[in-house]
Amino acid sequence: MKAAELLAKIRVNGTVPRHIAIIMDGNGRWARERNLPRPLGHRSGMKSVRDVVEGSLEAGVDVLSLFAFSQENWQRPPAEVRALMALLQEFIARESEDLRAQGVRVRVLGDLSRLAPGAASAAEQLVARTAENSRLTLNLFISYGGRAELVRAARWIARDVRDGRLDPDAVDEEALSSRLYTSDCPDPDLLIRTSGEQRISNFLLWQSAYAELYMSPVLWPDFSRSDLFEAITAYQHRDRRFGRVPA
Ligand code: FPP
């Protein structure tokens, strides 16, 4: 079905996920299938990022979280890491103005101390440039791991307890979630992974507790807004009970 028809169907169905998180996977396989070097798969994946951002704006999603580079990805061959960092900078240079004009607020989340200075300052500028926007929040997770994020929150809580700012008995779910990168976002309603893998791979571990999972066989560079709309349509047919019984 075409994107416009799927979008019309989404509007008729009603509830759109407020927050969609995506594990963008399959760039390497996409390149291998074409006998291309892996970085060209990532480059092609950048086009899917643009299309999915536009699809999210059209569908009326509030928050889109993309897993662009995991902490484990630092262990890839140095040339691939360099290519990914260069692509990130290119994405920022190329898309910054459109994202600002389209009302997208961009945030770059993760252990940014490991980024090359050029990439880190480009990211900072994009975040500052779009900070006043409110149509769509685009969270780009870079150098991110879900367990590391929880360790960071636990250390923060421990320091606050030690320094008398927090009573140990006041440590509850809210105390923890308010110390995550996503503290001002609703939890993801829908978590999409492309390329047919059936794993969460350390992405938004705490926040995805009740996310609906949608595994798409499509490799990320081939993933378009139509695929996003299909995932939203599938979500609209899910029965979300959050551990309760139906009303
Ligand atoms: C996983 O595919 C994808 C990544 C590690 C990088 C994702 C990056 C992009 C989509 C491009 C840049 C994005 C932004 C936001 C600028 P893989 O390499 O693990 O694929 P494989 O499993 O087929 O090898």
Side-chain angles (χ1 to χ4, degrees), residues 20-57 63-100 102 104-112 114-116 118-127 129-130 136-146 181 191-204 215-225 227-228:
I20 299 182
I22 308 185
I23 302 172
M24 309 182 285
D25 195 14
N27 295 348
R29 274 160 285 166
W30 185 93
R32 197 172 59 225
E33 281 174 5
R34 290 159 181 79
N35 284 319
L36 295 170
R38 291 175 59 84
L40 285 186
H42 299 311
R43 171 169 291 284
S44 201
M46 215 160 56
K47 292 204 280 293
S48 303
V49 171
R50 165 42 67 195
D51 208 47
V52 162
V53 167
E54 293 195 355
S56 300
L57 285 163
V63 184
L64 176 66
S65 288
L66 300 179
F67 201 4
F69 191 89
S70 72
Q71 283 201 325
E72 292 69 34
N73 289 154
W74 288 114
Q75 288 155 35
R76 291 195 175 194
E80 184 169 342
V81 171
R82 274 198 303 277
L84 276 164
M85 290 298 137
L87 268 185
L88 174 68
Q89 268 181 267
E90 188 183 322
F91 176 83
I92 292 173
R94 197 199 294 169
E95 303 289 342
S96 186
E97 178 47 31
D98 281 353
L99 291 167
R100 193 202 56 74
Q102 287 173 322
V104 180
R105 174 175 74 132
V106 183
R107 295 169 339 143
V108 181
L109 307 173
D111 179 8
L112 305 185
R114 295 184 72 178
L115 293 190
S121 74
E124 258 173 47
Q125 280 171 33
L126 177 61
V127 170
R129 206 160 171 229
T130 60
L136 170 72
T137 295
L138 172 62
N139 292 327
L140 294 179
F141 284 87
I142 293 172
S143 187
Y144 170 85
Y181 294 120
L191 174 63
I192 299 172
R193 182 176 188 138
T194 60
S195 88
E197 304 289 358
Q198 318 267 330
R199 286 188 292 277
I200 300 211
S201 296
N202 207 13
F203 191 41
L204 300 176
M215 307 304 185
S216 164
V218 177
L219 302 178
W220 179 251
D222 291 327
F223 196 87
S224 67
R225 76 185 77 186
D227 299 298
L228 177 76

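Just follow the structure's listing: the first ligand is 1, and inside any ligand the first atom is 1.
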*Do we see a donor-acceptor contact under 3.5 Å between the side chains of T137 and R105?*
yes
*Going by atom types alone, do D227 and S224 pair a side-chain donor with an acceptor below 3.5 Å?*
yes
*So which protein heavy atom does atom 1 (C) of ligand 1 come closest to, and at what separation?*
M24 O, 3.2 Å
*Please identify each residue that fulfils side chain to side chain contact (heavy atoms under 4.5 Å, CB included) with N27, with sequence neighbours left out.*
H42, W220, P221
*Within less than 4.0 angstrom of ligand 1, does A68 place any heavy atom?*
yes
*Would you check whether G28 has a nitrogen or oxygen atom less than 3.5 angstrom from a nitrogen or oxygen atom of ligand 1?*
yes
*Which one holds for W30 and ligand 1: side chain close, backbone close, both close, or neither close, with close meaning a heavy atom under 4.0 Å?*
neither
*Report the nearest protein non-hydrogen atom to atom 9 (C) of ligand 1: residue, atom name, distance rounded to 0.1 Å.*
N27 ND2, 3.7 Å
*asked:* Counting non-hydrogen protein atoms only, what is the nearest one to atom 13 (C) of ligand 1? Give residue, atom name and distance.
replied: V49 CG2, 4.1 Å
_Short N or O distance, E80 and ligand 1, threshold 3.5 Å exclusive_ = no
_Can you tell me which portion of R38 lies within the under-4.0 Å heavy-atom range of ligand 1? Options are side chain, backbone, both, or neither._
side chain
_Option whose closest heavy atom lies nearest to atom 4 (C) of ligand 1, chosen from E33, R29, R43, H42_ = H42
*For ligand 1, which part of R76 has a heavy atom less than 4.0 Å away: the side chain, the backbone, both, or neither?*
side chain
*asked:* So for ligand 1, is D25 a polar contact partner (N or O within less than 3.5 Å, distance only)?
replied: yes
*asked:* Can you pull out every ring-ring contact (aromatic ring centres under 6.0 Å, His included) where at least one residue sits in residues 70-100? Sequence neighbours excluded, please.
replied: F69-W74
*Return yes when R32 approaches ligand 1 closer than 4.0 angstrom through a heavy atom, no otherwise.*
no
_Closest protein heavy atom to atom 5 (C) of ligand 1, given as residue, atom name and distance to 0.1 Å_ = N73 OD1, 3.6 Å
*Nearest protein heavy atom to atom 15 (C) of ligand 1, by residue and atom, and its distance?*
L140 CD2, 3.9 Å
